[in-house]
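This report concerns only the one structure given below.
Within every chain, numbering begins at 1; the chains are lettered A, B, ... in the order of the sequence lines, protein sequences first and strands thereafter.
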Amino acid sequence: MDVRVQEAPFDFGVEANAFAAAQSGMGAVVTFTGIVRDLPDAPLCHMMIEHYPGMTEKALHGIATKAHDRWSLGGSLIIHRFGRLAPDEMIMMVATASRHRKDAFEAAMYLMDYLKSRAPFWKREETAQGSAWVAARDEDEAALIDWSEPHA
Amino acid sequence: MDVRVQEAPFDFGVEANAFAAAQSGMGAVVTFTGIVRDLPDAPLCHMMIEHYPGMTEKALHGIATKAHDRWSLGGSLIIHRFGRLAPDEMIMMVATASRHRKDAFEAAMYLMDYLKSRAPFWKREETAQGSAWVAARDEDEAALIDWSEPHA
Amino acid sequence: MDVLYFAWVRERIGVPRETVQTDAETVLDLVEELRRREDRYEAAFADITALRVAVDQELTEFTAPLKDAREVAFFPPMTGG
Amino acid sequence: MDVLYFAWVRERIGVPRETVQTDAETVLDLVEELRRREDRYEAAFADITALRVAVDQELTEFTAPLKDAREVAFFPPMTGG
């Protein structure tokens, strides 16, 4: 369980390789990475990510702990940036390792769903026309309800 | 849609970074990588992977095409090795890119489930005690039935 | 008690953090107390269904008690990932 | 017609590929024809529920017709990934 909240960029490939190499006896590694997307209407100058220092790290550790309780994981990694990001920069990544692909996939999806709506980050998109806070999406909240219900 | 069947090792991190960098307007990238696991009883000397040249490439292209038909994907990558692999070496990887994480995750799981039981690869594990073909698992076949049923 | 504001709540109130002397028993009592102070608080707290609250860095409900709380934070729904 | 064998099917039959002269109408007819030839085929095809077949590099059923087929392959369930 490795959680990093940082302003500096990270190298997705280097982190993914280091994570995979650190596993022992785990046959399956899943990663997710989120990338700053340009906007459909006005070109994005940059994205600003605000967070709540102290609570952010606690919330991410809490989410990772729940994932390790629920699935058989050899390891997990969460890296999330804050501050100013340009289009195409990587915002964050998660990685999970397990003996079986189903556990690795489900745990990565769970980390992402909880991180999205329960970790204290807020995104603001800045364009030549001004800036706007990104609105939370109803479907992100709905995703959490799915995890709290028993699965088939 | 990029499919590679090769004997040579590949660098997961380098491939993951190149895949992510090649995307345009895609906010979500998911990767899976499969690693040669040591065995619980006798130490694994190496794994041999046999495949069906010609059919393998066709089957993987077919699986990728179905994933692109079913989800909104900006890109996908499948790399699968054959020949002799040592413990901890990477066997294969898939990567998917989409605007939204749900599509990227589901498509990667779909690629893995179909690749596992529908692409003509066979694994043999060699230990000091001899060698044995890896048996297919019932749950891998069951995973395909799940994809053919309508989802909630 | 330290009160923290993030994202557009911070922008409407104009400060990221302030110390508030209060006897409010619940988060909701604190919100009502702040709203009565100045228009900028009224602007930030007009619709609390659009807000989230953390007490001592744990997400909680607006009905949560403030007894022994050291830090309360108000912010919009989170948009990480 | 080219007939290909993979994994333990190849090991039991002893060759990875051979050319077979046959009038078999379906995959199943071809399997029965081979089983009658030699013990090694009988050993490989004893339980066809443990086998998969591809005709011209497409997975298919044992009931599939062989008309115009150029290449038939027999192998155990696949274990990629």
How about B:Phe121 and D:Met78: do any of their side-chain heavy atoms sit closer than 4.5 Å? no
Quick check: are there more than 12 heavy atoms from other residues, nucleotides or ligands sitting under 6.0 Å from CG of B:Asp138? no
Top of D:Ala7, D:Pro16, D:Pro77 for chain B proximity - count of heavy-atom pairs under 4.5 angstrom: D:Ala7
For B:Ala59, is it the side chain, the backbone, both or neither that has a heavy atom under 4.5 Å from a heavy atom of chain D? neither
With a 4.5 angstrom heavy-atom cut-off, which part of B:Ile91 approaches chain D: side chain, backbone, both or neither? side chain
NE2 (B:His51) and CZ (D:Phe75) are apart, to the nearest 0.5 Å, by 13.0 Å
Assess whether atom CZ of D:Arg37 is packed by more than 12 heavy atoms of other residues, nucleotides or ligands within 6.0 Å. yes
Around B:Asp69, counting heavy atoms of other residues, nucleotides and ligands shown, do more than 12 lie under 6.0 Å from its CG? yes
Report the residue from D:Phe6, D:Tyr5, D:Trp8 that forms a ring-ring contact (aromatic ring centres under 6.0 Å, His included) with B:Trp122. D:Phe6
Of the backbone (N, CA, C, O) and the side chain (C-beta and beyond), which part of B:Arg137 lies under 4.5 Å from a heavy atom of chain D, both, or neither? neither
Can a donor-acceptor pair be found, under 3.5 Å and without considering hydrogens, that links the side chain of B:His80 to the backbone of D:Gly81? yes
Would the number of heavy atoms belonging to other residues, nucleotides or ligands and lying under 6.0 Å from CZ of B:Arg84 be above 12? no
Evaluate whether atom CD of D:Glu33 has more than 12 neighbouring non-hydrogen atoms of other residues, nucleotides or ligands under 6.0 angstrom away. yes
From D:Asp56 atom CG to B:Lys58 atom NZ, the distance as rounded to the nearest 0.5 Å: 7.0 Å
Side-chain touch B:Met55/D:Leu59, heavy atoms, less than 4.5 angstrom: yes
D:Thr79 versus B:Val134, closest heavy-atom pair with distance: CG2-O, 3.4 Å
CD/B:Glu141: more than 12 non-hydrogen atoms of other groups inside 6.0 Å: yes
Taking CD in D:Glu38 as the centre, count heavy atoms belonging to other residues, nucleotides or ligands within less than 6.0 Å. Is the count above 12? yes
SB check B:Glu50 D:Arg10 (cutoff 4.0 Å): yes
Look up atom CD in D:Glu11 and atom OG in B:Ser131, then write down how far apart they are to the nearest 0.5 Å. 6.5 Å
